[in-house]
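All remarks here apply to the structure that follows.
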Amino acid sequence: MKDMDDSSVTEDGRTIGGVVMEMKNITLRFGGVVAIKDISFDIREGEIRAIIGPNGAGKSSMLNVISGFYVPQEGDVWFRGSKRPAMRPYEVARQGIARTFQNIALFDGMSVLDNVMTGRLNYMKTNIFQQALWRGRAEAEETENREVVERIIDFLEIQAIRKTPVARLPYGLKKRVELARALAAEPKLLLLDEPMAGMNVEEKEDMSRFILDANDEFGTTIALIEHDMGVVMDLSDRVVVMDYGKKIGDGTPDEVRNNQAVIDAYLGVSHD
Amino acid sequence: MPLREDSSVPEQLVFAMEVTLNGLMAGVLYALVALGFVLIYKASGIFNYAQGVMALFAAMTLVGIMNGQVPFAHLINAIFGGHVTHFGWTVPSFVAIVLTIGVMVLLAWMVQHFVMRHLVGQEPIILFMATIGLAYLLEGVADLMWGSEIKTLDVGLPQGINLWIDETTFQIFDYGFFIDNLDIVATIIAALLVAGLVAFAQYTKQGRAMRAVADDHQAALSVGISLSFIWVLVWSVAGFVALVAGIMWGTKSGVQFSLSLIALKALPVLMLGGFTSIPGAIVGGLIIGVGEKLFEFLIGPMVGGATENWFAYVLALLFLVFRPQGLFGEKIIERV
Ligand SMILES: Nc1ncnc2c1ncn2[C@@H]1O[C@H](COP(=O)(O)OP(=O)(O)OP(=O)(O)O)[C@@H](O)[C@H]1O
Ligand SMILES: [Mg+2]
């Protein structure tokens, strides 16, 4: 809670609040491979925090630790001022942390609308008997959740494909639907693993705009992994740089860009 | 009723129609068992060999509760030297069905917590082996709990030939069809069950979560769905479907251990319908039901009969060769 009133205002007028998420001395190993080596960093309320680094640096692993998919051998995760006990991924999600995946994970058997609707599951409180016997309350709840979902769908400009089965969508739109599902949960923290990978320039511009707007309009705190340095510099407030599981830089885009260790890592190791 | 000489419809055709109708009714049962398989397979990738035994176990539990049997009576008597067999009361069928549903939910929970939870992420073949073990265990437990003698099951479903159909068909074809009331009721119940399941999957929170888990585990976790809760739910639903199948089969042929063999008939049904398709399970069940009855009727006499024993498997084999994904299964395209 120490940083709670430590807020600041960015150049473009957004307010950045105190620390919502703090990673303390995280170490994660897979057998002999050390994917994350004693890394600490924090994420502040309302900011866009980028995690960058060459292939295999451990970025996705870090996101997986935050979202509970990986359990680190050492270190603590602090969320909203208290230490998080060991939690399963679905429990983390219920705490208000939503995410997308590097290799798109959508519900292929469902339409776009139904996919986005699943983002609202945690807001559906009526139980199965109420749903069967007492339609009034369940319907009110359904309508309420539908409204949120329709707003997100409008926001991400995917009205035209609302009823389309997601399996039929092109790659770029799938990524957008995945973002929509995550946003539908109205998360306190949104984790995006390479939201623009494999997209063309135009699609990247759209996606950047959506991420910025989500942050601006809904005040969503965002942590994202991205390889395209131009995009990172444009979007993020602060950047963590990883290489071989270690943190080699942390600061504003300008600070990071001029950091010698970062420059070396990027020149020495090939990346896409 | 005998076919009159002056009938205007060819008699073979009339017989075939009756055979088809009876085949459809038999197919309903195959479809139900296959449906239980598909539910679990879709949600967890587990091929549940124990589905047939679950139907047996459910039917035995239902009879046991209705008759006021003391569970594990043999065991209790052996240990304490008593002679208890019955509590001395009978339980109305509706109450007994509700209690049996409770037992099936408990079973689902136990399967998840004591077996499947420890096997998450294992190869499908290991999960399959676990269900084989489960099948034998459950069969043993069923025997120990309720005894192995054949029992009659009567939950009040109407039985006997349907007179209305008999008379109506007699007026049209001059030949009355023999259709059992139980088969008609079974068909209606199965249709309601499927409609209920579809509504559950489409419109309830848990149903949505179930479909989500069937599609992608990681994504399901990321929206806050507990996989183990959904798996208990799915095994419970499969247990309920097994109970319905068990009631129908048990009412028709008595509750006995051969009941678990209908599971073997579900296998060709699944090969026809595809392992992941609910409509496939239903249509596949009906095709096998009708197919084996018609085949026996038309070809049976030429080859000395008893074709019902192997027809379904040969048909499934043909499907394996020419359409391995089944009628409705997703097309299998090897990624290279
Ligand atoms: N589930 C896992 N099991 C074993 N090793 C893993 C697992 N996940 C990640 N690793 C290893 O951890 C290291 C870091 O991988 P990670 O996916 O976090 O990198 P990344 O920075 O996201 O790379 P990329 O840019 O290619 O996505 C790699 O050596 C990888 O092989
Ligand atoms: Mg990655």
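The analysis underlying the following values was restricted to heavy atoms, covering all of them including side chains, and did not include hydrogens, waters or symmetry mates.
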Note, A:Tyr90 side chain near B:Leu221 side chain (heavy atom, < 4.5 Å)
yes
Student check: side-chain heavy atoms of A:Pro89 and B:His217 closer than 4.5 Å:
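In short, these two side chains do not touch, never coming nearer than 4.5 Å.
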Take a 6.0 Å sphere around [atom1] of [X] and say whether it holds more than 12 heavy atoms from other residues, nucleotides or ligands.
{"X": "B:Tyr41", "atom1": "OH", "answer": "no"}
{"X": "B:Tyr49", "atom1": "OH", "answer": "no"}
{"X": "B:Glu123", "atom1": "CD", "answer": "no"}
{"X": "A:Phe30", "atom1": "CZ", "answer": "yes"}
{"X": "A:Phe41", "atom1": "CZ", "answer": "yes"}

Can you see which heavy atom on B:Val223 is nearest to which on A:Ala93, and at what distance?
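Minimum heavy-atom separation between B:Val223 and A:Ala93: C-CB, 4.1 Å.
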Handout entry: Considering all heavy atoms, the nearest B:Ser222-A:Arg99 contact
Key =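 In this case the closest contact between B:Ser222 and A:Arg99 is CB-CG, 3.8 Å.
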Below 4.5 Å from any heavy atom of chain B, which atoms of [X] appear? Answer side chain, backbone, both or neither.
{"X": "A:Asp114", "result": "side chain"}
{"X": "A:Arg120", "result": "neither"}
{"X": "A:Leu191", "result": "neither"}

Turns out that what part of B:Ala220 lies under 4.5 Å from chain A's heavy atoms comes down to both
Against chain B, residues from residues 60-72 of chain A with at least one heavy atom under 4.5 Å, in numeric order, are A:Phe69
Quick one: which residues of residues 161-175 of chain A reach chain B at under 4.5 angstrom, heavy atoms only?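 Those residues of residues 161-175 of chain A which would need a heavy atom under 4.5 Å from chain B do not exist here.
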Residue selection (most heavy-atom pairs with chain B, distance under 4.5 Å) from A:Met110, A:Glu178, A:Arg88: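 Greatest number of close heavy-atom pairs with chain B: A:Met110.
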Between [atom1] on residue [X] and [atom2] on residue [Y], distance to nearest 0.5 Å:
{"X": "A:Asn115", "Y": "B:Arg211", "atom1": "CG", "atom2": "CZ", "result": "9.5 Å"}
{"X": "A:Thr118", "Y": "B:Arg208", "atom1": "OG1", "atom2": "CZ", "result": "9.0 Å"}
{"X": "B:Asp216", "Y": "A:Asp108", "atom1": "CG", "atom2": "CG", "result": "7.5 Å"}

Of the listed B:Ala214, B:Gly207, B:Ala219, the one with the largest count of heavy-atom pairs under 4.5 Å with chain A is B:Ala219
